[in-house]
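Below is one structure, written out as C-alpha cells, with a few remarks after it.
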Amino acid sequence: MSKVNVINHPLIQHKLSMIRDLHTGAKEFRELMEEVAMLMAYEVTRNFPLEEVEVETPMATAVCQVISVKKIAVIPILRAGLGMVGGVLRLIPTAKVGHIGVYRDPESLQPIEYYCKLPTDIGERELILVDPMLATGGSTAAAIQFLKQRGATQIRFMGLIAAPEGIEFLQERHPDVDIYVAAVDDRLNSHGYIVPGLGDAGDRLFGTK
Ligand code: PRP
Ligand code: URA
C-alpha cells in the first residue's frame with residue numbers, strides 16, 4: 001500500500017489558506033501555488049538516495065554527499081498541474097518536464113487523455129506527477145496508467161488538496177505510488193468537487209471563469 005504524506009509545515013498551511021480564499025485573484029493564486037509546490041518538493045524529495053563525493057575546498061578535501069538520482073522529471077497533468085511545475089523546477093532546475101493532458105468529462109467525471117509528450121527515457125526517471133486537485137482520483141489514476149504504459153516505474157504524486165475518495169481510489173489502482181498533499185478535505189460534492197477545497201483549480205489559475 002502506498003504512503004499518504006500530508007505535509008503540514010506552517011508555511012505550506014498558511015499559504016494554502018490564502019489559496020483557498022475565494023477573494024484571492026489569479027495572479028496571487030498562481031504565485032502562491034508555485035511557492036507551495038516549491039516547499040512541497042522539499043518533502044517529496046526527502047528520501048532521494050545520496051552518494052559520497054570528494055570536494056576540494058580551499059582548505060582540504062571534504063567528503064560530501066550529492067543526490068545519486070541523476071534523472072528526474074516533473075509531469076504536470078494539464079491544465080492545473082502547470083501551476084506547480086515552476087515551484088518544483090526552482091528546487092530541481094535540471095529536471096525534465098513531460099506533459100499529460102487529461103480532463104474530466106463534466107457529465108460522467110471520466111478522465112479523457114488529450115495530450116502526451118514525455119522525455120524519451122521516461123522509464124529511467126524518478127517522476128513527480130503534479131496536479132493540485134485529487135478529487136475522485138480518476139484523472140490522476142488515468143495519468144499514472146498512461147505513464148506506466150509508456151514505461152514509467154518510479155512515480156510519486158504531489159497535489160495540494162485531496163478528497164478521501166480520491167486517495168482511496170488512487171491507492172487501490174496504484175499502490176506503488178506514494179501520495180504527497182498539503183490537505184485532505186472532508187468530501188466530494190455531487191459534482192465531484194472537493195469540499196471545502198478551493199473551487200476549480202484550472203479556472204482560478206488561468207482566470208477562465
Ligand atoms: C481538475 C484537476 C484534476 C481533476 C481532478 O482538472 O486539476 O486534474 O480535475 O478531478 P478527479 O480527481 O475527479 O479526476 P479538470 O478536469 O477540471 O481540467 P483542467 O485542469 O483543464 O481545468
Ligand atoms: N477539480 C478541481 O479543480 N477542483 C475540485 O474541487 C475538483 C476537481
Side-chain angles (χ1 to χ4, degrees), residues 2 4 6 15-30 32-34 36-37 40 44 74-88 97-118 127-148 152 155-175 177-209:
S2 66
V4 180
V6 181
K15 289 173 193 289
L16 180 61
S17 305
M18 296 166 77
I19 290 175
R20 287 182 189 272
D21 189 332
L22 71 93
H23 299 106
T24 298
K27 174 178 181 286
E28 210 185 344
F29 189 90
R30 269 196 297 275
L32 286 162
M33 191 183 285
E34 184 171 325
V36 170
M40 289 185 74
V44 173
V74 51
I75 317 282
I77 302 178
L78 305 179
R79 290 177 298 167
L82 288 172
M84 302 181 81
V85 175
V88 179
V97 181
H99 295 84
I100 290 196
V102 180
Y103 73 88
R104 219 170 50 149
D105 181 86
E107 299 300 323
S108 67
L109 301 183
Q110 288 307 302
I112 318 278
E113 189 197 40
Y114 63 91
Y115 185 79
C116 188
K117 185 79 181 172
L118 302 171
L127 305 183
I128 304 174
L129 180 67
V130 295
D131 189 325
M133 310 307 280
L134 184 66
T136 64
S139 305
T140 299
I144 293 171
Q145 195 55 40
F146 300 140
L147 289 172
K148 287 181 175 174
I155 307 171
R156 292 167 169 81
F157 172 72
M158 176 173 122
L160 288 189
I161 304 177
E165 295 90 330
I167 289 180
E168 196 181 328
F169 186 72
L170 198 55
Q171 285 189 310
E172 182 192 305
R173 290 295 169 94
H174 299 288
V177 175
D178 284 346
I179 299 169
Y180 297 80
V181 288
V184 180
D185 276 8
D186 297 344
R187 62 185 174 88
L188 292 178
N189 70 12
S190 57
H191 303 288
Y193 275 82
I194 301 175
V195 181
L198 54 71
D200 189 302
D203 284 339
R204 292 196 62 190
L205 198 54
F206 298 110
T208 42
K209 213 175 241 173

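Numbers for residues simply follow the sequence, beginning at 1. Both ligands and their constituent atoms are indexed starting at 1 by order of listing.
Taking distance alone, with nitrogen or oxygen atoms compared against 3.5 Å, Ala201 approaches ligand 2 more closely than that limit. Note: no N/O pair closer than 3.5 Å links Val102 and ligand 1 by distance alone. Between Met133 and ligand 2, no N or O atom pair is found at a separation short of 3.5 Å. Ligand 2 has a nitrogen or oxygen under 3.5 angstrom from a nitrogen or oxygen of Ile194. Not a single N or O atom of Tyr114, backbone or side chain, sits closer than 3.5 Å to an N or O atom of ligand 1. Considering both main-chain and side-chain atoms, Arg79 comes within under 3.5 Å of ligand 1 through a nitrogen or oxygen pair. Any N or O atom pair closer than 3.5 Å counts here, and Ala135 shares at least one such pair with ligand 1.
Looking only at heavy atoms of the protein, atom 13 (O) of ligand 1 is closest to Thr136 OG1, 2.5 Å. Of the protein's heavy atoms, Tyr193 CD2, 3.4 Å lies nearest to atom 5 (C) of ligand 2. The shortest contact between atom 17 (O) of ligand 1 and any protein heavy atom is with Asp200 OD2, 4.1 Å. Arg104 CD, 3.3 Å is the protein heavy atom nearest to atom 10 (O) of ligand 1. Protein heavy atom in closest approach to atom 2 (C) of ligand 1: Asp131 OD1, 3.4 Å. Atom 8 (C) of ligand 2 has as its closest protein heavy atom Arg104 NH2, 3.5 Å. Given atom 4 (N) of ligand 2, the protein heavy atom at minimum distance is Gly199 O, 2.8 Å. With hydrogens left out, the protein atom closest to atom 14 (O) of ligand 1 is Ser139 OG, 2.5 Å, a heavy atom.
Atom 4 (C) of ligand 1 lies below 4.0 Å from at least one non-hydrogen atom of the protein. When distances from atom 7 (O) of ligand 1 to the protein are checked, a heavy atom turns up under 4.0 Å.
To the nearest 0.5 Å, atoms CD (Gln171) and CG (Asp178) are separated by 9.0 Å. The structure places CD1 of Ile155 at 5.5 Å from CD1 of Ile144, a figure rounded to the nearest 0.5 Å. Atom CG in Asp131 sits 11.0 Å away from atom CZ in Arg79 (nearest 0.5 Å). Note that CD1 of Ile100 is 3.5 Å distant from CG of Leu147, once rounded to the nearest 0.5 Å. Between atom CD of residue Glu28 and atom CE of residue Met33 there is a gap of 12.5 Å, rounded to the nearest 0.5 Å. The distance from the CD1 atom of Ile161 to the CD1 atom of Ile19 is 7.5 Å, given to the nearest 0.5 Å.
Residue contact check for ligand 1: Gly137 places a non-hydrogen atom closer than 4.0 Å to it. Heavy-atom distances between Gly192 and ligand 2 reach below 4.0 Å in at least one pair.
Between Leu188 and Ile194 there is a side-chain heavy-atom pair separated by less than 4.5 Å. Within the 4.5 Å cutoff, side-chain heavy atoms of Met133 are placed close to those of Leu198. Between Val74 and Met158, every side-chain heavy-atom pair lies at or beyond the 4.5 Å cut-off.
Of all the heavy atoms in Ala135 and Gly192, the pair that sits closest is CB-O, 3.5 Å.
Residues Arg204 and Asp21 are not paired through a salt bridge, judged by the lack of any N-O separation under 4.0 Å between the basic side chain and the carboxylate.
Near Ala135, meaning under 4.0 Å from any of its heavy atoms, are these atoms of ligand 2: 7 (C), 8 (C). Atoms of ligand 1 lying under 4.0 Å from at least one heavy atom of Tyr103, given by number and element, are 16 (O).
Using a distance-only test at 3.5 Å, with no hydrogens or angles considered, a donor-acceptor pair links the side chain of Thr24 to the main chain of Met18.
Ring orientation note: the planes of Tyr114 and Tyr103 are tilted relative to one another, at an angle of 30° to 60°.
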